[in-house]
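Fair warning: this is a prediction, and the values are worked out from it, not measured in the lab. Scope of the values below: all heavy atoms of this structure, side chains included, with no hydrogens, waters or symmetry mates.
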Amino acid sequence: MLKQILSKLPKKVPKSDPSDTTRSDSGNPTSFGNVFQCTNVGTAISSKLNVVKRVSSAVFPASMGAGVEAVDPHLSFKDVSNAQKQNMFISKLSFCCSVYDMSDPDRNCSELDLKRQTLTELVDFVSSGSARFTEPAISAMCKMCASNLFRDFPPKFRSSSTGGETADEEPIFDPAWSHLQVVYDLLLQFINHNSLDVKLAKMYLDHAFILRLLDLFDSEDPRERDSLKAILHRIYGKFLAHRLFIRKSVSNIIYRFVFETERHNGIAELLEIFGSIISGFALPLKEEHRTFLWRVLIPLHKPKSVGIYHQQLTYCVVQFIDKDPKLASTVIKGLLKYWPVTNSQKELMFLSELEELLEMTSMVEFQKIMVPLFRRIGGCLNSSHYQVAERAHLLWNNEHILNLITHNRQVILPLIFSALVRNTQNHWNQAVLNLTKNIRKMISQMDEDLALACQHNLEEEDLKSVAEAERRRITWERLEAAANVQSVVGDILVPIKSAACSVAC
């Protein structure tokens, strides 16, 4: 009976071999940069499929993701079965996380060539449609892009000019661009991939990732900024949850540029992105979008380097007015607020932008700003810089602007008539003189009585100014005479006081 009971008890398990224990422990999943995990490949699979094997931790970590087998990244996709291609895709992404200093003369060129070859294989694999972006693949992709792209720019690559790269400067090209270009191409294909799960991808393409991506817009290399422009625009279009964050982050970059540093290389590219974003705004415009116009776009007219991005800035402003024509007066007021005083080249840009804005301005909005506007235009008509004066005169060649002036001539002509008369009398440039004569002739044909009245008022003002100048001259002569008398009296009184003091002593 006792033997029967003992026979039913479980037998003692024999102590396993130390090598088996080690092999068993090594099979447990371990972490890799808090990004993804995997298990080691068993010896049975290695014998069954020769191309799948355990990779050294120096090349690739022992674990990639739950249930994912590590595949030698040095192999080609053609050398593995379809079942192993996804694992190899992740292995190659991790292999490309290694970053090399391209400015180091002692770098290993063979490793660089191998990395570039691997990156090119990845681009071809993704473009072929064979890649499946599971969570481990998305995580590995984001980690690889972050390792290669996110970096701090050395101060020596910064431009010494006020606004960053200018039209007169030669662009600085990054020596690592041969690798960076392929990474950017891969990131763009990843974002554009039709099977990408946006809800899953936004866990890795998060706010921190986007902020680091925006920091790269300050790159000196224009090729990198163009790639970033395409990528950020696609992220904005595909990840709806990130749109508000992107708009606020770009606004902060522009705030810092306008009001603090006035140094940034990527303002033009950021404005190009926003040009297409603004064209997609729904009507009526949200208050947030109106605030962006007034607090972000209008102050961008202030920096000296506005010429670098003025074309893109004008396009953004025009898009706003195209969406809501009632914003025209607000924009023109902002333009007058930042109108340059001594920078003639900047003034030419403002006049060109002003013409585009006035072409889209309705009569009601025009009447709100026509007085301060034509006071400023009058000053431009009378400018000693012939290009500024010539550009201001050419506003009359625009039919829409001429129509606005004609309907409001009773207010506008008195504001500019004196500038035209001064040009006729004093301006040194013959082309400006000819344009002035044409405008005066146009005004006479428009309203001869008003032109004569303006001429009469100007003559009266000239007489008054002459009389006022004569009164000032007489007043100054009297003051000078009185000062001379006091001076003479003072010279006489000083010796008398000196003699009286000597007698008293």
Return the orientation label for the F245 and H207 ring planes: parallel under 30°, perpendicular over 60°, tilted otherwise. parallel

For the aromatic rings, using the six-membered ring if either is Trp, is the centroid distance between F209 and Y204 under 6.0 Å? no

Name all residues meeting the salt bridge (charged side-chain N to carboxylate O under 4.0 Å, His left out) criterion together with R243; count only those two or more places apart in sequence or in a different chain, and write none if there are none. none

Just do the side-chain contact (heavy atoms from CB on, under 4.5 Å) check on L270 and L214 with the steps written out, would you? CA-CA 9 Å; L270 292 172; L214 287 171; 4.3 Å; yes

Passing candidate, side-chain contact (heavy atoms from CB on, under 4.5 Å) with V296, options I253, N252, I254: I254

Expected list for residues 228-235: side-chain donor-acceptor pairs under 3.5 angstrom, two or more places apart:
| from | atom 1 | to | atom 2 | distance (Å) |
| --- | --- | --- | --- | --- |
| K229 | NZ | E272 | OE1 | 2.7 |
| H233 | NE2 | S276 | OG | 2.8 |
| R234 | NE | N192 | OD1 | 2.5 |

Could you note down all residue pairs passing salt bridge (charged side-chain N to carboxylate O under 4.0 Å, His left out) where residues 285-296 supplies at least one of them, sequence neighbours left out? R247-E288, R290-D324

Parallel, tilted or perpendicular, judged at 30° and 60°: which one describes the rings of H310 and F350? parallel

Can you name the residues that form a ring pair (Phe, Tyr, Trp, His ring centres under 6.0 Å) with F292, not counting sequence neighbours? F274

I'd like to know if E262 pairs up with K304 as an ion pair, taking the criterion as any Lys NZ or Arg NE/NH1/NH2 lying under 4.0 Å from an Asp or Glu carboxylate oxygen. no

Of I332, L336, L335, the one forming a side-chain contact (heavy atoms from CB on, under 4.5 Å) with R376 is L336

Using 4.0 Å as the upper bound for N to carboxylate O, is an ion pair formed by D197 and R132? no

So salt bridge (charged side-chain N to carboxylate O under 4.0 Å, His left out) across residues 342-362, not counting sequence neighbours, yields E355-R391

So that I know where these two stand, are H242 and Y236 an aromatic pair - ring centroids less than 6.0 Å apart? no

In chain order, what residues pass the ring pair (Phe, Tyr, Trp, His ring centres under 6.0 Å) check against H289, with sequence neighbours excluded? F281

Which one of Q367, K368, E365 satisfies the side chain to side chain donor-acceptor pair (under 3.5 Å) criterion with S329? E365

